[in-house]
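Heavy-atom basis, side chains included; hydrogens, waters and symmetry copies ignored.
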Amino acid sequence: MVMIRNPDCTDCRHHEGVEKVCELGRGDKHAKIMVVTSRPNSKAFAQVLHGHLSDAGIDPAICYFASAIKCRNFDMNIGRKDLKACAPYLELEIKAVDPDWILTMGNEALQAVTGHSGIMQYRGKILEAHGRKVIPTISSAAISRNPGQTASYMANLRFFAAQVYDKAAKVKPPTIHFINTSYHFKVLKRAIKRADVISFDIETTRAPTEFHPTARVVSLSGTLVIDGKTLVWALPLFHPQSPFRKSWQKALRQLVPLMAKVPKRIAHNGKFDCRWLRRFGQCDIDITFDTMLAAHLLDENREKGLKPQGTSRLGVAPWGIDTKDLLTTPINEVLEYNALDTYYAYHIYLQIRQELQDQPRLMRIFKFITMPAANLLIAVEQKGAWVDRSKLVTNGKIAREMRDEIERQLMEFVSASESPGSSLFAESNSEWPTDARGRPREVNFNPSIWARWFLFDHLRLPALAYGKLKENGEQDPSMAEDVLLELRDLHPAVDLMLKRSMWNQLVKAFFNAYDELLTEDDRIRTTFKIAGTVTGRLSSGKEDSEKFASGRPERGVNLQQVPRDPLVRGLFGAPPGFTFVEADFSQVELRIAAFLSRDRTMLSLYQQGEDIHAATASWVLGIPRSQVTKDDRKKAKAVNFGFVYGMGWRKFIYTAFTKYGVRFSEEEAQAIRRVFFEQFSGLLAWHARQRRLVNDNRRVQNPIGRIRHLPDIDSPEMFVRGEAERQAINSPVQSFGSDLCMLSMIEIDRQFKSADIAAHTIGTVHDALMFEVRDDHVGLALPIIKDTMENLPLAKKFGCYLDVPIVADISAGKHWGQSKELTKEEVYAWVA
DNA sequence: GCAGACTGCGCG
DNA sequence: AAAGCGCGCAGTCTGC
């Protein structure tokens, strides 16, 4: 070891002012296990780390601890260059100790040992470097900052221990039956018919959707349970080496109907597989147990992918191939990978099912909400939302012309010679900005270096705020909307910049995206993620990118962020012969807050059917209820939503200005907050209750038992704890609101089907549902929608007695957001 | 040329 | 001392 150390090393800047130059690690010098981490020689650090290792079953006494950087200077950040400079010493150290296994902790150590960067991507995988096996995880210091990471960190350590000590995985790899003759295919059909359980999975080409011309199913695999025995099989389909390459669709048309009849159907993110199998098997198939959704329901913070679930639950090493292009991957590899997915998913199912059975409230949510929603969304995603093609063309043209015209006007301010001569329009005081190679930068009105030059140098506007402190110690002047609003009166270009930003956003994020994604049947499709949020809400957008090549148009606009501007929202609607129906829960989160807090004022307002936003407006503005305008009510909305979830007066001033254009002084804002909590005094007690609950239990739950884990409540940092406490207030409300909406969607769709009503669910936007109803069935559909939403079977299904009235506002017309809310009479006696 | 951090903005 | 919550995506810039 003496040979390695170089106390005179000056290879990187870290040697300057450090106590000991080139400090090597410590521990067993012939250890089988090497741990690469920052500051291995700090006593306090080592103590914590040794605790973690022991807990995971690794004896720290037989490890060698090394650092990626041998001169530890805590005032300096470590860059790639530093790691490179120090790499030879680490390499020598590895050779000298000669370990079989290396545990790297944190991104630095990962980079230093393997050369890869991206710890969140590589953690828990088995890599190879310097001829040894390497398993990366996050740094132990990250755990104390963010206790929320503890579970997966410990899972990584336990996995490392299992590999090092060669502990047999809990689940052994199965024998896989490859189906490559028509005889085997027949045997497979017979087996599926007899099976009680099927866990299945498909591999596909990287087509953007199952309807794309390049969409093919490359292989199909399954794990069957027949008479208590498992049978694992893999069927090649469109793969070039497949005997069924020419008849792959025919094979699916034979198999999918049989699979759909197996009593228990399991898959990991099965919504994806079911969409493809429906398309090519020409038969509806759904799932009874989705392991990804169940894992997420049990712990919304844990990695829910099949591989991380497999390593942490089953102790199996990450299996499989880099699925870049399946068609050029040898068939055996594809099939083995495909089959193992189904086998391990089946074993994960066995575990998770038990965990759900131990928590009956979660099981009920899974049974009555999660799985029905998943199966309903298969059809919703396949159907898509209808878009008015001619409107898309004309509205898009309007938006593009508006943006171009504004940019033309802005360009007049760019050339200094055309600037008016007043002091406000002073001549430029600096040179046109250049890039790193000295070339002039292009005009770019987006928040860019050029745009900052334009505003703050060329037009000499004052920089009122600055962005984040950068690595080089500089801060860019902020171009955020609220800052520009302050500068609006100083120069006409500011207003143009603001307007351009709005129109450009519409063009780029919406019109362009919709143009690209609109299919021939005039529909746009999204993917809803059921396990995409920590509260149980759906998220909407693109399919997981890993499944698809970059650069291609993909399935997936975000249906939940369609601007309310009629120019955009009005593009969506119902095709000829159909009516677009939107049903909104009225103020659902505030009603839930009233229910949970038991605040007497709020409860009685809702029980009397009064408008809580108007009430707040009259109190905070000090005017009688009758004088409250529509605008006042809108402002009160900001007050209500903010303060209910623990907003402070500073943030209130900020949001009141940026979102509603109202300025409040500090005194006014504090006074409004005070009045608010005087009126709704029950809210403060409720906030305190939620804080106590999360501090005691590290988790909170909503009225039907959906759990939000908040491990960050143990953070030593006040701010992080405060965050967890506010989440403890918001989560039960938001997640219950979402559950009401999901439950409605499921229940309404069920009734449509059983009454044979020609209506389709188009999607949800958190507290709203959208439907497409055949014109002659609107009168039948409207009462079902309203009745269901207002009278959900919460008591029957979840033992939850909601004593706040729930109200659904319904509107019906040709386009989204374009029609008037219906009165109760109109809902129950619809006249087209 | 690509990934990651960061900002800004669309929605509830 | 200070503190709404929950999302997805486009765009810029940096560093390799």
Side-chain angles (χ1 to χ4, degrees), chain A residues 79-81 83-84 107 111 115-121 300 435-436 441-442 444-452 467-472 476 478-484 501-502 504-510 512-513 526-529 532-542 545 550-551 554 556-565 568-569 584-585 587-589 593 637-652 654-655 658-659 673 687 691 708 718-735 737-738 741 764-768:
Chain A
R80 253 180 201 264
K81 277 181 202 149
L83 288 167
K84 235 179 202 164
N107 201 36
Q111 273 187 55
H116 295 112
S117 179
I119 183 61
M120 296 321 258
Q121 179 190 337
E300 72 286 359
D435 66 12
R441 286 181 185 272
E442 281 179 29
N444 180 353
F445 293 108
N446 292 325
S448 60
I449 288 173
W450 186 90
R452 289 191 171 85
K468 272 207 165 175
L469 192 66
K470 296 191 296 183
E471 286 269 319
N472 60 13
D476 289 333
S478 170
M479 284 183 62
E481 195 189 9
D482 57 315
V483 179
L484 292 191
S501 159
M502 189 191 90
N504 191 49
Q505 172 86 3
L506 287 186
V507 169
K508 285 288 175 61
F510 302 105
N512 285 358
T526 186
T527 304
F528 286 106
K529 280 194 204 166
T533 74
V534 288
T535 56
R537 275 185 171 184
L538 297 183
S539 75
S540 157
K542 286 181 168 53
S545 55
S550 60
E554 294 168 11
V557 298
N558 184 338
L559 262 193
Q560 297 179 332
Q561 62 173 58
V562 177
R564 276 174 296 183
D565 187 328
V568 185
R569 192 163 280 200
D584 283 52
F585 279 112
Q587 302 168 35
V588 73
E589 289 201 5
K637 247 175 150 170
V639 176
N640 285 334
F641 283 118
F643 290 151
V644 162
Y645 298 130
M647 189 192 274
W649 58 267
R650 278 172 200 282
K651 178 91 180 210
F652 172 66
Y654 179 78
T655 51
T658 53
K659 286 198 174 162
R673 193 170 191 275
H687 286 182
R691 287 198 183 94
R708 169 88 187 263
M718 279 280 214
F719 179 77
V720 178
R721 283 210 305 275
E723 237 173 358
E725 288 178 349
R726 292 192 299 278
Q727 287 160 340
I729 293 166
N730 170 276
S731 261
V733 180
Q734 190 185 115
S735 76
S738 148
C741 194
T764 99
V765 191
H766 309 308
D767 63 358

Point to revise | Set of residues satisfying ring-ring contact (aromatic ring centres under 6.0 Å, His included) with respect to A:Trp450, sequence neighbours excluded | key: A:Trp432, A:Phe445, A:Trp453, A:Phe454
Review point. Which whole-number value in Å describes the distance from A:Glu725 CD to C:dA1 C1'?
Key: 15 Å
Review point. Which part of the nucleic acid, if any, lies within reach of A:Met502 when heavy atoms closer than 4.0 Å are counted: base, sugar-phosphate only, or nothing?
Key: nothing
Point to revise | Heavy-atom side-chain contact between A:His766 and A:Phe585 under 4.5 Å | key: no
Review point. Residues in salt bridge (charged side-chain N to carboxylate O under 4.0 Å, His left out) with A:Glu300, at least two apart?
Key: none
Practice item. Could you tell me whether the phosphate oxygens of C:dG6, OP1 or OP2, come under 4.0 Å of any side-chain nitrogen or oxygen in A:Thr535? Key: no
Review point. Just checking A:Val534: base, sugar-phosphate only, or nothing, at a heavy-atom cut-off of under 4.0 Å?
Key: sugar-phosphate
Review point. Starting at CZ of A:Phe445 and ending at C1' of B:dC9, how long is that distance when rounded to a whole Å?
Key: 20 Å
**Study point:** Validation row: A:Ser738, A:Thr535 side chains within 4.5 angstrom (heavy atoms)
**Key:** no
Practice item. May I ask you to evaluate whether A:Arg569 reaches the phosphate of B:dG12, defined as a side-chain N or O under 4.0 Å from OP1 or OP2? Key: yes
Check your understanding: Quick one: A:Asn558 CG to C:dC7 P, roughly how many Å, whole number?
Key -> 13 Å
**Study point:** Listed partners of A:Phe641 passing ring-ring contact (aromatic ring centres under 6.0 Å, His included), at least two apart
**Key:** A:His613
Check your understanding: On a plain distance test, is the side chain of A:Gln727 in donor-acceptor contact with the base of C:dC5 below 3.5 Å?
Key -> no
Practice item. Output all residues satisfying side-chain contact (heavy atoms from CB on, under 4.5 Å) with A:Glu725, sequence neighbours left out; order by chain, then residue number. Key: A:Arg691, A:Val694, A:Asn695, A:Ile713
Exercise for review: Check the distance between B:dG8's P and A:Asn444's CG and give it to me in whole angstrom.
Suggested key: 14 Å
Exercise for review: Record whether the side chain of A:Arg726 comes under 3.5 Å of the base of C:dG4 through a donor-acceptor pair of N or O atoms.
Suggested key: no
Check your understanding: Within the structure shown, what part of the strands sits under 4.0 Å from A:Ser540 by heavy-atom distance: base, sugar-phosphate, or nothing?
Key -> sugar-phosphate
Review point. Checking all strands, does A:Gly722 fall into the base, sugar-phosphate, or nothing category for heavy-atom contacts under 4.0 angstrom?
Key: nothing
**Study point:** Rounded distance (Å) that lies between atom P of C:dC7 and atom CZ of A:Phe641
**Key:** 18 Å
Practice item. Report yes if a side-chain nitrogen or oxygen of A:Asn446 is closer than 4.0 Å to either non-bridging phosphate oxygen (OP1 or OP2) of C:dT12; otherwise report no. Key: yes
Check your understanding: How is A:Val568 classified with respect to the nucleic acid when contacts are heavy atoms under 4.0 Å: base, sugar-phosphate, or nothing?
Key -> nothing
**Study point:** Nucleotide-level pairing of DNA chain C, given in dot-bracket where Watson-Crick and G-U pairs need both distances under 3.5 Å and | marks other strands
**Key:** ....||||||||||||
Practice item. Ignoring backbone atoms, test whether A:Lys651 places a side-chain nitrogen or oxygen under 4.0 Å from the OP1 or OP2 oxygen of C:dA3. Key: no
Check your understanding: Can you tell me how far P of C:dC5 sits from CD of A:Gln560, to the nearest Å?
Key -> 19 Å
**Study point:** Distance-only donor-acceptor test, A:Arg564 side-chain atoms vs B:dG10 base atoms, 3.5 Å
**Key:** no
Exercise for review: In whole angstrom, give the distance that lies between atom CD of A:Gln111 and atom C1' of C:dG15.
Suggested key: 11 Å
Review point. So do the side chains of A:Gln560 and A:Leu538 get within less than 4.5 Å of each other, counting heavy atoms only?
Key: yes
Check your understanding: Base, sugar-phosphate, or nothing: which does A:Arg721 touch, judged by heavy atoms less than 4.0 Å apart?
Key -> nothing
Study note, to complete from the structure: note: A:His766, atom NE2; B:dG12, atom C1'; distance rounded to Å ~ 4 Å
Exercise for review: Only counting residues at least two apart or in another chain, list the ones meeting salt bridge (charged side-chain N to carboxylate O under 4.0 Å, His left out) with A:Arg673.
Suggested key: none
